[in-house]
Amino acid sequence: MPDELKSAYERALEKLKEKGIDDPVESLSEEKKGEIAQIRNLYKSKLAELEIKKQGDSAKAQNVEELEKIQQRFVSARARAEEEMERKISEVRKRS
């Protein structure tokens, strides 16, 4: 019986090492970590603003159709903001 139980992740890392592949987790410099944190904070604020605007617009809505349009605009705007955030984070990670 093995001395310790290992998670699937730990076993997968061992198999990668056996094949000569280093740890797949990339190490980021403190500078890059800071940039990524700033990007996330910025987009967290943008998403909060979108939510507040949606709530205000929803309160003013006259009927169900208006509410649905407001919700659709919010979902689209949120998706665009999240995609933009992920793209910017990816750019930071790719820089050497």
Side-chain angles (χ1 to χ4, degrees):
M1 186 165 188
D3 293 335
E4 63 180 80
L5 295 175
K6 295 183 181 178
S7 70
Y9 178 75
E10 290 170 322
R11 290 191 308 263
L13 285 178
E14 286 178 356
K15 287 182 181 182
L16 287 174
K17 285 180 184 177
E18 289 172 5
K19 293 180 180 180
I21 301 172
D22 290 331
D23 191 352
V25 178
E26 64 180 295
S27 58
L28 296 173
S29 67
E30 291 302 315
E31 181 182 344
K32 285 184 179 182
K33 287 179 184 178
E35 285 183 61
I36 290 171
Q38 284 180 326
I39 292 168
R40 287 194 171 127
N41 285 334
L42 173 67
Y43 282 89
K44 184 177 179 183
S45 298
K46 286 184 178 190
L47 293 172
E49 288 174 10
L50 288 172
E51 180 67 35
I52 290 168
K53 182 173 179 1
K54 180 192 79 149
Q55 289 175 359
D57 291 348
S58 295
K60 296 175 190 174
Q62 301 285 323
N63 54 47
V64 175
E65 290 82 22
E66 284 183 44
L67 276 173
E68 288 174 356
K69 287 180 183 178
I70 291 166
Q71 181 65 24
Q72 289 173 349
R73 282 195 307 262
F74 170 73
V75 169
S76 295
R78 184 180 63 197
R80 278 192 308 273
E82 288 173 345
E83 288 171 8
E84 188 176 305
M85 177 185 70
E86 291 302 323
R87 182 181 48 76
K88 288 184 178 186
I89 288 172
S90 180
E91 288 172 2
V92 169
R93 288 176 189 247
K94 288 179 184 176
R95 276 197 330 250
S96 49

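Fair warning: this is a prediction, and the values are worked out from it, not measured in the lab.
A distance of 8.5 Å separates CG in N63 from NZ in K69, rounded to the nearest 0.5 Å. Note: S45 OG to R40 CZ = 14.0 Å, rounded to the nearest 0.5 Å. How far NZ of K88 is from CD of E35: 12.0 Å, rounded to the nearest 0.5 Å. Rounded to the nearest 0.5 angstrom, K54 NZ and L67 CG are separated by 9.5 Å.
Around atom CD of E65, more than 12 heavy atoms belonging to other residues, nucleotides or ligands sit under 6.0 Å away.
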Handout entry: Stepwise side chain to side chain donor-acceptor pair (under 3.5 Å) test for Q55 and E51
Key = CA-CA 6 Å; Q55 289 175 359; E51 180 67 35; 3.1 Å; yes

Exercise for review: Just do the salt bridge (Lys or Arg N to Asp or Glu O under 4.0 Å) check on E30 and K33 with the steps written out, would you?
Suggested key: CA-CA 5 Å; E30 291 302 315; K33 287 179 184 178; 3.6 Å; yes

Let me have the donor-acceptor pairs involving side chains of residues 79-87, under 3.5 Å, with sequence neighbours excluded, atom names and distances please.
{"residue": "E84", "atom": "OE2", "partner": "Y43", "partner atom": "OH", "Å": "2.2"}
{"residue": "R87", "atom": "NH1", "partner": "E91", "partner atom": "OE2", "Å": "3.1"}

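Between L50 and K53 the shortest side-chain heavy-atom distance does not fall below 4.5 Å. Between D57 and E66, the closest side-chain pair of non-hydrogen atoms is not below 4.5 Å. At least one side-chain heavy atom of K94 sits less than 4.5 Å from a side-chain heavy atom of S90.
With V75 as reference, Q71 is the one residue of R73, Q72, Q71 to meet the side-chain contact (heavy atoms from CB on, under 4.5 Å) rule.
Following chains of ILVMFWY side-chain contacts shorter than 4.5 Å, one can reach L42 starting from I36, so the two form part of one hydrophobic cluster.
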